[in-house]
Amino acid sequence: MMAVLKRVLILWLPGLAILLAGLQRAFVTGQTDPWEWAWPALAVMAAMGLLLARRGWPLLAWAMGGVVSALLFCGVAAGRWPDPVAAIGLILVALSAAFGGALVRQGAPLRAKRVAGGIALLALAALLAWRGPAQPIEPVVDRPALAVITALPLFWDAQGRADAAIVTVLRTRFTVQPIDDAQQLEPSRARLLLLVQPRAMTPEALVAVDRWVRGGGRAVVLADPLLRWPSDLPMGDRRRAPATSLLEPLLGHWGFAFDRIEDGERRWFLPDGALLTLSGAQMAGDMVQRKRIGRGEVVLLGDADLIDDRLWLADPARPLDPRVWSADTPARIGQWLGAAIPDDRRWMREGADVVAALRWAILAGLGWAVMGAGLLRGVRPGGGTRTKKVYPEGEAPESG
């Protein structure tokens, strides 16, 4: 009985360690990316390879239950299958680490070749874990002009000129041009506009925006009824962004309307699975409204706080690294403006889904270990099977 329990623990505890270590990383962003478990799988499976090298390859392979648990958690928590490339990559990392560690440990003939092969497998596992996940966004060569009109501090902070995180991402796809007066749109030659919670605009400025759009421009408008963007400026300071949108005359002229306000912070999933985190947003049926205006197009969202990096970025020092995004906001803003920024990320859904995913992952890992302990109980060190010696009638085993 103790031997069976020991075998169950050998098969279950490493997998549980992989699962929990990866969860610590995944909970920071909310992404259910199998690559989050790559480094824990590499470390644990390499150690298991070293420890179980002489207990048989089947036992070592079955010890990969943590990978099964991690993939099950990703699928249940996100309500969709994990990315197949990432899932295969995680499996390859675990296999390479396990068998690489085992080859390094085995003291058999041709030891030098086995050690070299083991080191090569460990290096392959490390390379996959390093380069497999999404890489930081690199600037493209062809970057169309993007005009930005806003009262938000997207291009300055208390210390002076400084790009906000969202602008840093947009600069990889556009030539960003901050504009103070909408009448500068035509001379700027920009055909794209990001209009975000501007100050009160004169009738002439509103007419200039309308004329620019009807002439073929594409505008993404973020109009917030309850702006919660943090500011050290006192109320009434002209440099402070307005607390509520002042674009109603222009939006009404275009035929847009809102019918409710969703108070509080909320994670909002779009039909394709993309995630936006909103705060005090105004809605009208669909969260995102689109209209053709003349020869141009307007995309309207009733929230400006969503581009605040606190609502989409887990690490403010790494805005170009999609692995630390906590929402798809930069990718979706870029796509609305016509840029290609990958956003096929899986996200944890509601709290109940995450709890269910964790429960099933732990139970699956334990079940995997129990099943393996039963199936592998006849496996002896070296990979063969135990057999009971049968003595001819009249003979007895030698004593001593």
Side-chain angles (χ1 to χ4, degrees), residues 12-44 64-91 93-94 129 132-134 262-279 281 287 303 305-306 308-316 318 321-332 342-369:
W12 183 51
L13 291 181
L16 184 62
I18 293 173
L19 175 65
L20 296 180
L23 282 175
Q24 188 275 330
R25 294 168 56 88
F27 281 150
V28 172
T29 62
Q31 295 189 36
T32 57
D33 182 0
W35 286 116
E36 296 290 358
W37 282 264
W39 287 108
L42 191 157
V44 172
M64 290 181 51
V67 173
V68 177
S69 296
L71 294 177
L72 180 61
F73 174 84
C74 290
V76 176
R80 55 192 295 205
W81 290 106
D83 176 58
V85 174
I88 293 171
L90 176 60
I91 294 171
V93 167
E262 296 281 348
D263 197 10
E265 188 175 309
R266 179 177 177 183
R267 300 169 79 237
W268 194 280
F269 288 92
L270 300 180
D272 61 359
L275 170 65
L276 301 178
T277 303
L278 310 180
S279 178
M287 181 183 68
D303 187 43
D305 286 310
L306 86 163
D308 181 354
D309 55 28
R310 298 174 305 164
L311 298 186
W312 64 268
L313 185 60
D315 184 352
R318 299 160 59 193
D321 189 349
R323 290 173 292 184
V324 297
W325 292 0
S326 57
D328 287 311
T329 303
R332 194 44 55 110
D343 68 346
D344 188 23
R345 280 166 285 278
R346 273 75 165 168
W347 300 96
M348 298 180 194
R349 309 290 291 195
E350 304 300 327
D353 299 316
V354 176
V355 171
L358 184 58
R359 179 172 60 247
W360 282 110
I362 292 175
L363 290 176
L366 181 57
W368 179 270

S.K.: If you take all heavy atoms of Ala78 and Thr32, which pair is closest and at what distance?
M.R.: CB-OG1, 3.4 Å

S.K.: Determine the minimum heavy-atom distance between Leu23 and Trp37, stating which atoms define it.
M.R.: N-NE1, 3.7 Å

S.K.: Kindly determine whether Leu71 and Ile91 satisfy side chain to side chain contact (heavy atoms under 4.5 Å, CB included), including the steps that lead there.
M.R.: CA-CA 10 Å; Leu71 294 177; Ile91 294 171; 4.2 Å; yes

S.K.: Evaluate the criterion salt bridge (charged side-chain N to carboxylate O under 4.0 Å, His left out) for residue pair Arg332 and Asp272; output intermediate values, then yes/no.
M.R.: CA-CA 11 Å; Arg332 194 44 55 110; Asp272 61 359; 2.9 Å; yes

S.K.: Which pair of heavy atoms, one from Ala357 and one from Ala77, lies closest together, and at what distance?
M.R.: CB-N, 3.5 Å

S.K.: Looking only at heavy atoms, what is the nearest atom pair of Ser279 and Asp303, with distance?
M.R.: O-OD1, 2.8 Å

S.K.: Before you tell me yes or no, could you show the steps for Asp353 and Arg346 under salt bridge (charged side-chain N to carboxylate O under 4.0 Å, His left out), namely the whole-Å CA-CA distance, both residues' side-chain angles and the distance that decides it to 0.1 Å?
M.R.: CA-CA 13 Å; Asp353 299 316; Arg346 273 75 165 168; over 6 Å; no

S.K.: Distance-only, no hydrogens or angles: does the Gln31 side chain make a donor-acceptor pair with backbone N or O of Pro322 under 3.5 Å?
M.R.: yes

S.K.: State, yes or no, whether a side-chain contact exists between Met348 and Phe73 at a heavy-atom distance under 4.5 Å.
M.R.: yes

S.K.: Could you state the interatomic distance from CG (Leu366) to CG (Leu13), rounded to the nearest 0.5 Å?
M.R.: 10.0 Å

S.K.: Check salt bridge (Lys or Arg N to Asp or Glu O under 4.0 Å) between Asp321 and all other residues, then give those that pass, not counting sequence neighbours.
M.R.: Arg318, Arg323

S.K.: Please test Trp35 against Leu90 for side chain to side chain contact (heavy atoms under 4.5 Å, CB included), starting from the C-alpha separation and ending with a verdict.
M.R.: CA-CA 6 Å; Trp35 286 116; Leu90 176 60; 5.5 Å; no

S.K.: Under 4.5 Å between any side-chain heavy atoms of Trp12 and Ile362, yes or no?
M.R.: yes

S.K.: For a quick test of reading the model, state the closest non-hydrogen atom pair linking Trp268 to Leu278 and the distance between them.
M.R.: CB-CD1, 4.2 Å

S.K.: Using side-chain hydrogen bond (donor to acceptor under 3.5 Å, both in side chains) as the criterion, list what pairs up with Arg267, not counting sequence neighbours.
M.R.: none

S.K.: Strictly by modelled atom types, are Trp347 and Asp328 linked by a side-chain donor-acceptor pair under 3.5 Å?
M.R.: yes

S.K.: Kindly compute the distance separating OG1 (Thr329) from CG (Leu275), expressed to the nearest 0.5 Å.
M.R.: 7.0 Å

S.K.: Is there a donor-acceptor pair closer than 3.5 Å between any side-chain N or O of Trp312 and the backbone N or O of Leu276?
M.R.: no

S.K.: What's the shortest heavy-atom distance between Ala361 and Leu19, and which atoms?
M.R.: CB-CD2, 3.9 Å

